[in-house]
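Since the structure comes first, as structure tokens, the remarks are kept for the end.
Chain naming here is simple, since letters A, B, ... match the order of the sequence lines and numbering starts at 1 in each.
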2 protein chains.
Amino acid sequence: MAPKRSTIKDVAKRAGVSTATVSNVFSGSKPVNAELRERVEGAARALSYHVDRAASQLRSGQTKVVGVLVPDLDDVFFTSLVSRLEVRAQEDGYDVIVASSRDNPELERSRLRALLGWRPSGLIAVPNNDEIPQILADEAHRLPIVLADRVAGISTFADAVTIDNHEAGAMAASHLVALGHRDVVIAASHLSFAPIRERVRGADSVLFGEFGEGARVVELGSNSDRGADIFADWLDRNARPTAILALTNVTTLAVLSALAARRIDLPEQISLIGFDDYAWMSARKTALTAVRQPVDAMAGMLWDRLKARIGGDDSPPRRIELNTSLQVRDSVRDLSMTANARPVLPRKHAPVPGE
Amino acid sequence: MAPKRSTIKDVAKRAGVSTATVSNVFSGSKPVNAELRERVEGAARALSYHVDRAASQLRSGQTKVVGVLVPDLDDVFFTSLVSRLEVRAQEDGYDVIVASSRDNPELERSRLRALLGWRPSGLIAVPNNDEIPQILADEAHRLPIVLADRVAGISTFADAVTIDNHEAGAMAASHLVALGHRDVVIAASHLSFAPIRERVRGADSVLFGEFGEGARVVELGSNSDRGADIFADWLDRNARPTAILALTNVTTLAVLSALAARRIDLPEQISLIGFDDYAWMSARKTALTAVRQPVDAMAGMLWDRLKARIGGDDSPPRRIELNTSLQVRDSVRDLSMTANARPVLPRKHAPVPGE
DNA sequence: GATTAACAGTTAAACGATTAACAGCGGCTG
DNA sequence: CAGCCGCTGTTAATCGTTTAACTGTTAATC
């Protein structure tokens, strides 16, 4: 690891110009004569010089980094968000530092602190839960911040981009109702997450309106393996519903695993609406009907808002709700024909013994 | 966005100490009296002070950042790698900057350049293809670099962590052969990727040894939707094999989609071995038999090597090959019983018209 | 009790870039 | 032709830390 890295001075000396000129060549903040520019670029190449971001940043205060904090880098929803944000950031010359809080409030704080140390131009954060960490709130008035996904109500201090969770739940429930389903169980991740609660409420609003009662809810957590166990167990102990509504892609997976383990056929024996829309959901014999979150639009919105804020927009915080859409495929059985003949599957039911 | 951020000087003044002491409190490079430390921490909290990484880095030369470059942040294999690396990095106090080269050599160069601008402590890179970019090679002797996955042969300038691709292919093929399969088609992503070629070779080595001929190979690319179209089309135009061996998780998905689109049943009508082992592969009625890459071990190895290099280890570059394992589940049909009665499905065959 | 050693804190010089202020040099204009 | 402008380039101050060198104090050693 020998040859010391070259600095702007080395380049300047080699090209026979001042360091200021070299800086201008690279930052483009002042025009530089073509011939000189050539010389500088040649010298830089020969020395394999790269501008040192730390020094550049320190002096200019211009960071060109954004921090992205998500609760879980193993959840495809978040990674697809990160992926799209990275693209947008790169297009605008920003680098992104990712951090995962792994659903741990303490880690969230410490990752946030680490991110702030970069003095980033902005921050895009998916909070762990409703309680926005104090550090974020403190920073909000001096640092552009945009929140996503897990945001409750109207955030008072930063823009927030979410989907219309209530509508998403309602839309799914309506679809189930329209196809003759009445006994629905909701596979939620955690009811402590605001968007999950909203989705439940949305579904219940429809079910209540229709039948005077809501859905049963099971919490499966954020890990699909554990969720599968929990749900399989739940299936063993409870009367079987005609349909399941999963509220995240992880719970969708958990439900699917549990159904496979218990050899319950989709959609013959039970119907399912999944959440999110990833390739594996349709790469199956009975493709999943699912609520599709507009991840692209979401990332786009997040980036646009952040750029606006970085650009000095100081209008009051906005909450932007994107609409989901229902991808109707084959995992919901149409019960509306048989519904009159045999109203609903009997509510009381011997537990199905484990396989 | 008003109140200026506080600096080490502000904290020093408020706590009535020198800036050096404040620095010592935060970096821990020199012991500081408990009472003073308290005062400093209190002052820092009151001013919501964070050490400025740019300044810190500039002065100390210590970066505590690693760059991670992958070809595609929408591929779960890479994101699961990133996720695990982020965990390890965080544990050791490093931050990670992610960059995706999106399978584009030019972008790869520019992302690499951006990453190098950080003067990172190290770099973990999954190259786009066999040709390691010149920038990387140039940097290799002054910057710890560890390569992963898409690395051909013995890399002469940096450590490389891969799986034993030949063995992986051979293992999968052996399994197929053992269950009476002879007519195998390999769903590859791109034959221009070294590991893919190796996997094909591994599979062929077994098939040749057994039958004197290898497998047919289809290239499906790195996008599952397009891959699904290509494969569905291929199925329409070619004699149907008894088994498919997919060589990446994306091609596994593509194959599954195509089979679903053509209503071909797994494993009754065709058998499949997938690659990688993600939850969605087993969350189905016929769970997929698949080659499992040890992503955890891989990330662990990558990090360990990088740490060693950062720590000054300058032994010659090593290539580390991890072993895969075959997760036997239900997607490969046992043909060995029927094999004698009806040797193999006829090779020549009218194309199956599209559904 | 003199000499060192160990400790805890301070001072001030870097680190490598950016950029305000300035300088030199035609070319225009009145 | 004086004065000014616009253009390109340079000089030098500066960003917020870290850290080598230093100072002063206390404890340990002979």
**Study point:** Proximity to DNA chain D (any heavy atom under 4.0 Å), residues of residues 22-43 of chain A only
**Key:** A:Lys30, A:Pro31, A:Val32, A:Asn33, A:Leu36
Study note, to complete from the structure: side-chain contact (heavy atoms from CB on, under 4.5 Å) filter on A:Lys13, not counting sequence neighbours, yields none
**Study point:** All ring pair (Phe, Tyr, Trp, His ring centres under 6.0 Å) counterparts of B:His50, not counting sequence neighbours
**Key:** none
Check your understanding: Could you state the NZ-P distance from B:Lys9 to D:dT14, rounded to the nearest angstrom?
Key -> 10 Å
Check your understanding: Counting distance only, does the side-chain N/O of B:Ser6 pair as donor-acceptor with the main-chain N or O of B:Leu47 below 3.5 Å?
Key -> yes
Review point. With no hydrogens and no angle check, do the side chains of A:Asp74 and B:Ser83 hold a donor and an acceptor under 3.5 Å apart?
Key: yes
Revision key, fill the gap. Per nearest nucleotide of DNA chain D, the residue lying toward the 5' end, A:Thr21 or B:Ala20, is A:Thr21
Check your understanding: Okay, side chain of B:Asp75, backbone of B:Asp72: is any donor-acceptor separation there less than 3.5 Å?
Key -> no
Point to revise | Range on DNA chain C touched by chain A - first to last nucleotide, heavy-atom distance under 4.0 Å | key: C:dG16 to C:dA21
Point to revise | Nucleic acid contacts - residues 46-64 of chain B versus DNA chain C, non-hydrogen atoms under 4.0 Å | key: B:Leu58, B:Arg59
Point to revise | Exam field: side chain B:Ser80 to backbone B:Val76, donor-acceptor pair closer than 3.5 Å | key: yes
**Study point:** Listed partners of B:Arg150 passing salt bridge (charged side-chain N to carboxylate O under 4.0 Å, His left out), at least two apart
**Key:** B:Asp103
Point to revise | Residues in salt bridge (charged side-chain N to carboxylate O under 4.0 Å, His left out) contact with B:Arg111, at least two apart in sequence or another chain | key: A:Glu86, A:Asp95
**Study point:** Minimum side-chain heavy-atom gap A:Val70-A:Ser101 below 4.5 Å
**Key:** no
Point to revise | Value in whole Å for how far the C1' atom of D:dT14 lies from CD1 of A:Ile8 | key: 14 Å
Check your understanding: Just by distance, do the side chain of A:Arg309 and the backbone of A:Ser315 share a donor-acceptor pair under 3.5 Å?
Key -> yes
Review point. Does the side chain of B:Asp138 pick up a donor-acceptor pair with the side chain of B:Gln134 at under 3.5 Å?
Key: yes
Exercise for review: Would you please name every residue forming a salt bridge (charged side-chain N to carboxylate O under 4.0 Å, His left out) with A:Arg37, sequence neighbours left out?
Suggested key: A:Glu41
Point to revise | Test salt bridge (charged side-chain N to carboxylate O under 4.0 Å, His left out) applied to A:Lys307 - qualifying residues, sequence neighbours left out | key: A:Asp92
**Study point:** Involving DNA chain D, stems made of at least three consecutive Watson-Crick or G-U pairs, both distances under 3.5 Å
**Key:** C:1-30 with D:1-30
Review point. Does any residue of residues 110-123 of chain B have a heavy atom under 4.0 Å from DNA chain D, and if so, which ones, in number order?
Key: none
Exercise for review: Go through the structure and list residues passing ring pair (Phe, Tyr, Trp, His ring centres under 6.0 Å) with B:Phe77, not counting sequence neighbours.
Suggested key: none
Revision key, fill the gap. Side chain to side chain contact (heavy atoms under 4.5 Å, CB included) test vs B:Phe78 passes for just one of B:Leu73, B:Val68, B:Asp149, namely B:Asp149
